[in-house]
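Only one structure is covered here, and it is reproduced in the block below.
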Amino acid sequence: MSTTDAAATWSVVGRGTRDGSVVVVDLHADGSESARRIIDASTLTGEVNAAGAARRWVWSDTSRWYPALLRAGLQVSRCHDLRLCHAILRDSARAADAGDLRRHVEWDAAAIEAAPAAAQTLFDLESGATTAGAPDHIEDVLAEFARQRDALGAAHDPGPLRLLLAAESAGALVAAELYDAGVPWDVGVHDGILTEMLGERPGAGRLPTKIEGLAAEVRAALGDPTASLDSQPKLLRALHRVGVLAQSTSRWELAEHDHPAIAPLLAYKKLMRMYTANGWAWMQEWVGEGRFRPVYVPGGVVTGRWASSGGGALQLPRQLRPAVRADPGWVLIVADVAQLEPRMLAAMSGDTALADAARGTDLYAGIVSEGVVGTRQEAKIAVLGAMYGATTGDSGRLVPALRRAYPRAMGLVDHAARTGEDGGVVSTWLGRTSPPPSVAWRQIQDLAGTGDAGERDQARARRSARDRGRFTRNFIVQGTAAEWALAWLAELRQQLARLEPIPEEDAADRSGRVFSRRAHLAFFLHDEIIVHAPAAQAEAAAAAVRDAAARATTLLFGTFPIDVPLDLQITDDAAKG
DNA sequence: AGTGCCTGCGCG
DNA sequence: AAAGCGCGCAGGCACT
């Protein structure tokens, strides 16, 4: 075991030249190298242990390095994920001089790579097998880290951007930890919900009884015993034959027609959706040993939200929530923020009137009590319309009232929309910047600007400009909300990590997993988290959830008086949350 | 058999 | 078919 330099700030990890070797380079804050060690991949866990909690690990891609450490029972405190930070710095309008980063496209290619391979890692690490993704050789890693520090150092005001990079990297740690921990899942409850809803689990080649029954009802009502219900064009033709002249087969349109086939058809579609998306086959594939393990993709959405790849973590139907069950002797802490995005907008714009309406748990009720609109439902439609750029219908009609009452907040999103329409870029509160318009978009606008553009060219250009305006309008709000959520996650995982592990005999299992003896994050969905905690830690973990949210708000907005209230429940069943 | 697009619906 | 943003996934279907 080699020694580590306690004074060093960063430990940069990369692959060595020899197969299976790993190189760890300690750096001081000024970037100077203080130690360099060549080790076997299998001893990296020892290095991490010896380095202590304060160390920030720098690596190409958290999803390639961290899972193996977690499986070896180690949690790291902090990291700098070069792949994710590259994407932010490359585009950020607040990072001066990112040209050097843009030239190194090999760090972009990795981001385009599909799902992070949560399943590979330790084995590959030890065998020295190469995997696709960001460059991993230590010299490439050191060079990229230097470029990123240069881009940050040259920034006019690097503080917010530095915070964003730290939060993004912490999010990468959380994503790997969520996969390692999994969502505690009761397959018995899941099976019960499916059976109740769909009927008995069918044999091969058959559908559940209730689905078959509904299909028969629909076909009888259509007078066509062989009608296909799963092919949109065929179903549409069958409906037309009985006089239902719908344009599409979507639920909301079918509901407007009056025909005996409609009710069973809507029920059929609902059940079929559950059966195909989250039925027994899904359970078989994604749930094992009492844990649902979806694959999260941090930074997977341009706005900074996470995406998912596999398991559909972000689309888990509310109906299936009861299957999220704490282990015996454990509880769930289910917490979410109501109306996170308009709260972010109020704070970003410094709109104290909207911040006043946001005081307390229901922003929409606040808008009503300020007399801006008449009902809570109107307030909701107006706010969503304001953030999404609605121009017609109820929503578009209500937005002007908001514009009069909250000129600062509305001014900010309206300005973002105009910038987008003009082909410009916009940035979130911490500095994540929207991508520039595509070449195709530019061409459409340029063509419309020339003298010989036809009426259709003009119309197309206006439409695509407005489309982009709605995107940039929403980008600053959705992206800042994602930043708040990352800060919440980052604070929370640090606080949970400080909890004392419970005695071995009370552990959820004897696997030696990092999270079997301590409260841990189990689920994350944009503005909502679930923590799985030993009963003895329930109150401490809930306090951590609340405190982390408060700290996230302060971290982003300092002393600006914006409420970000949590709805928080401690329960053994996530559906009660 | 593999691909890429379309439709529809789940989530925020 | 949404009006009004951001996603992933399943099934059908046309194409290779």
Side-chain angles (χ1 to χ4, degrees), chain A residues 114-115 207 228-237 245-257 265-279 281-282 285-286 294-321 336-342 344-345 380-399 402 413-414 416-417 420 426 428 432 434-435 463 466-482 484-485 523-529:
Chain A
L207 291 170
S228 167
L229 309 186
D230 302 318
S231 158
Q232 195 259 9
K234 289 178 185 168
L235 176 58
L236 207 51
R237 280 197 295 274
L245 302 179
Q247 304 286 315
S248 79
T249 63
S250 62
R251 190 183 49 205
W252 69 266
E253 190 183 352
L254 291 179
E256 291 178 355
H257 288 85
L265 177 55
L266 293 179
Y268 170 89
K269 287 162 79 84
K270 188 166 202 64
L271 268 49
M272 199 62 177
R273 164 79 194 187
M274 178 61 80
Y275 176 63
T276 55
N278 295 100
W282 178 90
E285 186 173 0
W286 295 104
V295 178
Y296 292 97
V297 185
V301 180
V302 277
T303 59
R305 273 188 175 180
W306 290 11
S308 68
S309 168
L314 309 185
Q315 305 139 259
L316 200 65
R318 309 287 312 184
Q319 267 179 298
L320 241 39
R321 281 304 189 84
D336 72 335
V337 184
Q339 307 117 19
L340 176 60
E341 294 188 355
M344 297 296 103
L345 175 57
K380 183 176 180 174
I381 290 173
V383 166
L384 291 176
M387 291 187 306
Y388 295 160
T391 54
T392 63
D394 288 347
S395 190
R397 185 170 51 76
L398 289 163
V399 170
L402 237 46
V413 285
D414 287 345
V426 296
T428 60
R432 193 187 307 262
S434 65
R463 180 156 30 82
R466 279 196 301 269
D467 287 349
R468 187 157 192 280
R470 285 194 302 276
F471 166 65
T472 51
R473 169 191 294 274
N474 187 246
F475 181 94
I476 61 170
V477 180
Q478 186 182 120
T480 301
W484 184 91
F523 188 68
F524 169 59
L525 181 51
H526 307 317
D527 59 4
E528 171 187 359
I529 53 123

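Reminder, nothing fancy here: chain letters follow the sequence lines and each chain counts from 1.
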Expressed in whole Å, how much space separates the [atom1] atoms belonging to [N] and [M]?
| N | M | atom1 | value |
| --- | --- | --- | --- |
| C/dG4 | B/dG4 | C1' | 28 Å |
| B/dG8 | C/dA1 | P | 7 Å |
| B/dC6 | C/dA2 | P | 14 Å |

At under 4.0 Å between heavy atoms, which parts of nucleotides 3-12 of chain B does protein reach? Answer with one letter per nucleotide, 5' to 3': B base, S sugar-phosphate only, - none.
-> ----SBBBBB
Return the minimal non-hydrogen interatomic distance between [X] and [Y], and the atom names on each side.
| X | Y | result |
| --- | --- | --- |
| A/Pro435 | A/Arg468 | O-NH2, 3.0 Å |
| A/Phe524 | A/Leu314 | O-CD2, 4.0 Å |
| A/Phe471 | A/Ser434 | CE2-CB, 4.3 Å |
| A/Asp230 | A/Tyr268 | OD1-OH, 2.7 Å |

side-chain contact (heavy atoms from CB on, under 4.5 Å) between A/Thr249 and A/Lys269: does it pass, once the steps are laid out?
-> CA-CA 10 Å; A/Thr249 63; A/Lys269 287 162 79 84; 3.9 Å; yes
Walking along DNA chain C from 5' to 3', note the first and the last nucleotide with an atom under 4.0 Å from a heavy atom of chain A, and give both.
-> C/dA1 to C/dC13
Show your working on side-chain contact (heavy atoms from CB on, under 4.5 Å) between A/Val301 and A/Trp306 and close with a plain yes or no.
-> CA-CA 6 Å; A/Val301 180; A/Trp306 290 11; over 6 Å; no
Those stems involving DNA chain C that have three or more consecutive Watson-Crick or G-U pairs, both distances under 3.5 Å, are B:1-12 with C:5-16
Tell me what [X] touches on the nucleic acid: a base, only sugar-phosphate, or nothing, going by heavy atoms under 4.0 Å.
| X | result |
| --- | --- |
| A/Gly310 | sugar-phosphate |
| A/Thr391 | sugar-phosphate |
| A/Gly385 | nothing |

Between A/Glu341 and A/Arg473, does at least one N-O distance fall below 4.0 Å, as a salt bridge requires?
-> no
A/Thr392 side chain vs A/Gly396 backbone, donor-acceptor pair below 3.5 Å = no
Just by distance, do the side chain of A/Thr472 and the backbone of A/Ala416 share a donor-acceptor pair under 3.5 Å?
-> yes
A/Lys380 atom NZ: more than 12 heavy-atom contacts under 6.0 Å | no
Audit row: A/Met274, A/Leu320, side-chain contact (heavy atoms from CB on, under 4.5 Å) steps and yes/no | CA-CA 9 Å; A/Met274 178 61 80; A/Leu320 241 39; 4.1 Å; yes
Assign each of A/Lys234 and A/Gly393 to its nearest nucleotide of DNA chain C by heavy atoms, then name whichever residue's nucleotide is nearer the 5' end.
-> A/Gly393
Quick one: on DNA chain C, does A/Glu253 or A/Gly311 contact a more 5' nucleotide (nearest heavy atom)?
-> A/Glu253
